[in-house]
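A short worksheet on the structure shown next.
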Amino acid sequence: MRIELRDIRKYFGPVKANDGINLVLEGGRIYGLLGENGAGKSTLMKILSGYQPPDTGEILFDDQIQHFSSPADALGKGIGMLYQDPLDVPAFSVNDNYLLGRDQRIVLDYKNASHELQEMTARFGFELDLQSRIENLSLGERQQLELARLLVGGAQVLILDEPTTGISAEQKEVLFGSMRKLAREEGKTLILVSHKLDEVQELCDEALVLQRGKLVGQTDIPCPNEKLVKMMFGQVPERSARPDFDLGEVVLELIDLRVPTYRLTIKDINLTIRQGEIFGFAGLEGSGQRLVLQACAGLLQPDHGKILLDGQDVSSWPYHRMQNAGVGYVADGRLEEGLVAGLTIEEHVELAKPKHSFFINRKVLFAITETKIEQFQIVGRPDSTADELSGGNQQRLLFALLRDNQKSILLENPTRGLDVRSSNWIWDQLNHRREGGTAILFMSSDLDEIFERSDRIAVFSGGNMSRVLETVNTSVEEIGHLIGGQA
Amino acid sequence: MIAELFTTTVLVGILASGIRLSTPYLFASLGETFGQKSGVLNLGVEGIMLLGAFAAFYTTFITENLWLGLLAAIIVGGIMGLAVAVISVTLKAQQGISGIGIYLFGLGMSELLFRKTLGTVEIVSGFSSIYIPFLSDIPILGEIFFQQNLLVYFAYIMVPVSWFVLSKTTLGLKIRAVGENPEAADTLGVSVSGVRYFTQIFGGVMSGIAGASLSIALLNVFQQNLTSGLGFIAVALVYFGGWRPLGVLVGSLIFSMVNALQLWVQVLNIPIPSDIAVMMPYVLTILALVIAVQRVRPPSALTKPYERGG
């Protein structure tokens, strides 16, 4: 099927999310859709998948004009979208989830569902337990299930939004394998939305680059990475270099630490972290790295072992005491754990103050907030609520709320979902902090980030921590092996 | 004196009236189960029951036709269910608060209508007992289970029917999906509002029948606040039953059995203060909820109005 987009425009108030996009997509090809945060990728894909209508412009399939009333309508006409967070029902069984919206008979046909699902999974080499509940599946498995459902639903065009975030290396291989199969053997059109250039290079036939709502580049793949980056940003932003730094005294010491949770228990964690050190935790989601960070922040209590902060035993200190002792924590659920959705920037600044008076001095608060907004380059006003900010600006706000002169800062996925420019800014801030002697501990699912930013690295796999690796003496390959649980 | 409770006649009597008294609980909480499964909490069940009870009683009193009475309760219940749907689904009101409004409306309105039309407590002859051939002749069991009125049988048939609809049919799947993840359901082409309107109207009808079962089958009278908190217990029973029809049945039976017991305690003049006896079901409600709440997870989207994102 040949798809044509003609002069697609979508404005949100003064923001031109899509500003006259013209595009032709042919069957049998894999397209990579690139662009920095806020370039209009998701808006365009939401329009194409029937989630929202364009303000003006036309969508044509094989020269026929199409109008979608809903995503279900779009799927009926052949366009399916795989969302970054799978649109499924966690409490459902695999079969129930598969049948939802598909089976229109009065009594559900479970036999047929199992049969169809088995066929699909076998065809694409998916490995998933069909008896399980959705909530017990991994992200990769849920993705495979969604893919199967879209294909059985008649998708000729598949849009995949950041599909490799949070899935294992094998699942990624299977996914890419099935994407190639769908394009080459079945003539389907695939659109990969991603900001990982390597993946686009590996998989796609052609790259489409959006910038500020306009299509600014279209090029065959393979082509040099620099060319793509230049199209995305207008210039090539350097990944800011990691300045060398002499480490100071020991700040944080973990001795034989054990933290039990109902899912996973981490044990025998021994670490020594010095002033100004950047320490990276690698590993698949849920391998235990987050638990270590949370234990250091006082959010989880270890049942064995010790945490020493400047030589003082702080194992049983709660979060607030740790905060006052100079340990800052930046969770990756920005709106879930870090910020309060309905509160304004100003109110966040007030709440984050170490001491409060009975009345809020609005004038002073306003002034402090304005300086913070300027200093941390947040796009927003003092009275913008946290949920109005973009992901990058929410992250900046979180950094603005961190107190000065921290002994240690703990971060979960500090640059998740951010483009190169925002990520660089975040790391500039952190590097600046380390020069003041702050120890930085962070976890990331982005291996390159771990490798480029850390002084030392520990890899987590199923609750076990590997030996500590010096970044200068290791390689991405070695870390990759350790992530997979191979020592 | 207590020993009088443990004669065969009395025990059979307690069990038979326990089965009978569970009818209003069953209707109301099965209806509410559908509603909550789809993510809408209707706290106004009690009010709808009162209106249903009055409509059934008054219609029967005037026309002397029980079926017209039942129909009146169904219609009034359906209209009230529609009102709940408009408030909770379309207007996206806070469900905890709007439910109290529905209850107070039902309480006041049924009392007003009662005063303006009947004025005094009257009696109708309600649905009479139906003896199921052969089964009702079985000693003890026959007397307990198979000599009940039509609405009792109907309530018990609704238990497996509700289970089947919720867990085996497309409609049930949609209801569950809308209660767990309305975004996903919407994207897959399920009408979130449509499903929730259906469950609310169905719940209203069931509450109406629950009221009718009191006024034209069990008690055969109408007076102000006839239901006296029964509708709230029905809502609690949905939690207690873990949003499953079978669980709701177990809960309903526990409460109605305790109720039957306290009635017989009063009938037999056993020297327990009647206030304490009457309190028993309510105390049990609180205890049961404390225990039950920790067992099962409610539908994720319960009480959350759905709005399609941009």
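Below, each value reflects all heavy atoms present in this structure, side chains not excepted, and no hydrogens, waters or symmetry copies. Letters A, B, ... are given to chains in the order of the sequence lines, protein chains preceding strands, and every chain is numbered from 1.
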Could you look at A:Thr43 and say if it's the side chain, the backbone, both or neither that has a heavy atom under 4.5 Å from chain B? neither
Tell me whether the NZ or CZ atom of B:Arg176 lies within the 45° cone about the ring axis of A:Phe92 and under 6.0 Å from its centre. yes
Does A:Ser138 form a side chain to side chain donor-acceptor pair (under 3.5 Å) with A:Gln143? I'd like the steps, not just the answer. CA-CA 9 Å; A:Ser138 72; A:Gln143 205 176 54; over 6 Å; no
Measure distances from A:Leu100 to the heavy atoms of chain B and classify the residue's part below 4.5 Å as side chain, backbone, both or neither. both
I need the residue from A:Leu99, A:Ile106, A:Val89 with the largest number of non-hydrogen atom pairs under 4.5 Å to chain B. A:Ile106
Looking only at A:Asp73, A:Leu75, A:Leu87, most heavy-atom pairs under 4.5 Å shared with chain B are made by A:Leu87
Any side-chain heavy-atom pair of B:Val89 and B:Tyr306 under 4.5 Å: no
Side chain, backbone, both or neither: which part of A:Asp88 has a non-hydrogen atom closer than 4.5 Å to chain B? backbone
For B:Glu180 and B:Ser300, does a side-chain donor sit closer than 3.5 Å to a side-chain acceptor? yes
Any idea which heavy atoms bring B:Val238 and B:Ser29 closest together, and the distance? CG2-O, 3.4 Å
Tell me, out of A:Val107, A:Asp96, A:Asn97, who's got the most heavy-atom pairs with chain B below 4.5 Å. A:Asp96
